[in-house]
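Side chains are part of it too, since the values below use all heavy atoms of this structure and drop only hydrogens, waters and symmetry mates. If you're wondering where the values come from, they're calculated on a predicted model, not measured in any experiment.
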Amino acid sequence: HTAADDSASTSEGISAVVNANNQFAVSMYQQLNKQPEQKDKNVIFSPYSLSTAMAMLYAAADGETKQQIQKTFHYPALNVLNPNSAALHKQFNKPNPDYKLATVNDLWMQQGLTPNKAYIDTVQRYYGGNVTNLDFESSPEPSRQTINKTIAAHTHQLIPELLAKDSITTDTATVLTNAAYFKGDWSQPFSVRGDKQPFYNLDSSTTAVTMMYQLSYFDYTEDNLVQVVALPYKGNDLSMIVILPKSKDKSAIDAIVNTLTTAQIRQWTDKLESKKVNVKLPKFKLEESYRMREPL
């Protein structure tokens with residue numbers, strides 16, 4: 001790294017990359033919600049992973065392809081995107097005693113292809129991308145297993161199989177992957193009661209679930225539609241923001257989802273202030289897999 005490179009990442013530049021990622025996150029969330037197979041299902045995905053993997057592709061794209069990627073991901077110019085993506089990548093991967101956060105980029109390439117050196121430099125320098133040659137042509141299945149094993153290791157076995165069977169074929173040329181891993185404890189642990197409580201589902205039915213309880217001071221705000229609370233993780237650098245609609249009516253919840261914007265989220269987070277809050281949260285586990293070509 002030269003000094004000139006490092007000075008290229010500024011707080012405005014980082015804000016531009018963060019805002020792009022957040023705008024993409026909201027529009028992709030709305031898009032996934034609209035997919036017919038998603039009807040009334042939970043949505044969980046990592047917008048940062050998609051944004052970062054596609055940024056590596058964007059660095060090589062041209063013409064209409066480049067314009068379409070830029071429009072979908074809201075990227076700033078490459079000379080802003082690259083150094084500030086690098087700064088974020090560095091920040092996320094800094095060791096921290098309070099929590100584990102890591103994000104890993106990989107570029108997998110058919111052996112024998114000679115990629116543009118400047119491009120490989122960009123992937124390695126700004127995205128920390130590991131570039132690995134595989135023989136997709138003769139060994140598509142072993143190549144798929146190599147990629148899956150690597151991702152499983154990056155995510156402490158939480159994503160055992162990123163690429164589904166037959167997703168790598170003899171004519172695959174390159175594969176771009178991003179894996180994000182986060183593990184944190186709450187800064188104040190919740191207590192759990194033995195009994196199960198009703199949780200209201202989107203279709204107005206209820207499910208009996210184990211609840212976590214905590215009466216404590218949290219950053220909180222509300223308006224006439226929602227209640228918003230920030231639950232900090234140990235170390236207080238990171239938090240989970242939970243938005244609870246006041247109405248249990250599906251159309252009211254749909255309206256909040258469909259009109260969601262980054263500006264709206266910022267409005268809520270700007271208004272957060274410390275209040276004594278009684279938080280009840282269901283214990284839950286979400287696992288989901290999407291084919292992104294259609295929604296993208």
Please tabulate, for side-chain N and O atoms in residues 151-165, each donor-acceptor pair with protein atoms closer than 3.5 Å (sequence neighbours left out).
residue : atom : partner : partner atom : Å
H154    : NE2  : D106    : OD2          : 3.2
T155    : OG1  : I151    : O            : 2.9
T155    : OG1  : A152    : O            : 3.4
T155    : OG1  : I159    : N            : 3.1
E161    : OE2  : R144    : NH1          : 3.1

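In this structure, T103 and N178 have side chains that are in contact, with non-hydrogen atoms separated by less than 4.5 Å. In this structure, V242 and M240 have side chains that are in contact, with non-hydrogen atoms separated by less than 4.5 Å. A 4.5 Å side-chain heavy-atom check between V18 and N22 finds at least one atom pair inside the cut-off. N105 has its side chain out of reach of V123: every pair of non-hydrogen atoms, C-beta onward, lies at least 4.5 Å apart. Side-chain contact between D270 and R266: present, with at least one pair of heavy atoms (C-beta onward) separated by less than 4.5 Å. The closest side-chain heavy-atom distance from T259 to Q264 is not below 4.5 Å. Within the 4.5 Å cutoff, the side chain of V175 has heavy atoms near those of the F136 side chain. Residues D237 and D98 have side chains not in contact (no heavy-atom distance under 4.5 Å, counting atoms from C-beta outward).
By the 30° and 60° cut-offs, the orientation of the rings of Y48 relative to F92 is perpendicular.
When all heavy atoms of I256 and W268 are compared, the closest pair comes out as CG2-CH2, 4.5 Å. The shortest non-hydrogen separation linking L107 to L176 is CD1-CD2, 3.4 Å. Summarising the geometry of P295 relative to L32, their closest heavy-atom pair is CG-CD2, 4.0 Å, with the distance given to 0.1 Å. The two residues L260 and V26 make their nearest non-hydrogen contact at O-CG1, 3.3 Å. Minimum heavy-atom separation, F218 to A230: CD2-O, 3.7 Å. Across G13 and T10, no two heavy atoms sit closer than the pair N-OG1, 2.9 Å.
Here the CG atom belonging to L134 is positioned 8.5 Å from the CD1 atom belonging to I168, to the nearest 0.5 angstrom. Distance NZ/K183 to CG/L101: 13.5 Å, rounded to 0.5 Å. Atoms CG and CD1, on D219 and I241 in that order, are 9.0 Å from each other to the nearest 0.5 Å. Atom OG of S138 and atom CD of Q111 lie 7.0 Å apart (nearest 0.5 Å). If you take CG on N224 and OG on S247, they are separated by 11.5 Å, rounding to the nearest 0.5 Å. In this structure, OG1 in T122 is found 8.0 Å from CG in L78, a value given to the nearest 0.5 Å.
Dense packing is recorded around NZ of K246, with more than 12 heavy atoms of other residues, nucleotides or ligands lying under 6.0 Å away. Around atom CD of E37, more than 12 heavy atoms belonging to other residues, nucleotides or ligands sit under 6.0 Å away.
The residue from D171, T170, T174, D135 that alone fulfils the side-chain hydrogen bond (donor to acceptor under 3.5 Å, both in side chains) condition with Q110 is D135.
Checked by atom type and distance alone, the side chain of S46 pairs as donor or acceptor with a backbone atom of S49 at under 3.5 Å. Side chain of K234 to backbone of P97: no donor-acceptor contact under 3.5 angstrom is found. Here the side chain of Q188 pairs no donor or acceptor atom with the backbone of S216 at under 3.5 angstrom. Not a single donor-acceptor pair under 3.5 Å links the side chain of N201 to the backbone N or O of D203. For Q30 (side chain) and V257 (main-chain N/O), a donor-acceptor pair under 3.5 Å exists by modelled atom type. Side chain of Y126 to main chain of S85: no donor-acceptor pair is present (N/O by atom type, distance under 3.5 Å, no hydrogens or angles).
Evaluation of the ring-ring contact (aromatic ring centres under 6.0 Å, His included) rule for F24 yields F73 as partners, not counting sequence neighbours.
Residues M292 and W108 do not share a hydrophobic cluster, clusters being chains of Ile/Leu/Val/Met/Phe/Trp/Tyr side chains in contact below 4.5 Å. Linking Ile, Leu, Val, Met, Phe, Trp and Tyr residues whenever their side-chain heavy atoms come within less than 4.5 Å leaves L272 and Y217 in two separate clusters.
In this structure, F199 shares a hydrophobic cluster with V209, M211, Y213, the cluster being traced through Ile, Leu, Val, Met, Phe, Trp and Tyr side chains under 4.5 angstrom apart.
Between the side chains of Q70 and Y58, no donor-acceptor pair of N or O atoms lies under 3.5 Å. Checked by atom type, the side-chain pair T262/N19 shows no donor-acceptor distance below 3.5 Å.
With a 6.0 Å cutoff to the six-membered ring centre and a 45° limit on the axis angle, K248 counts as a cation-pi contact of Y200.
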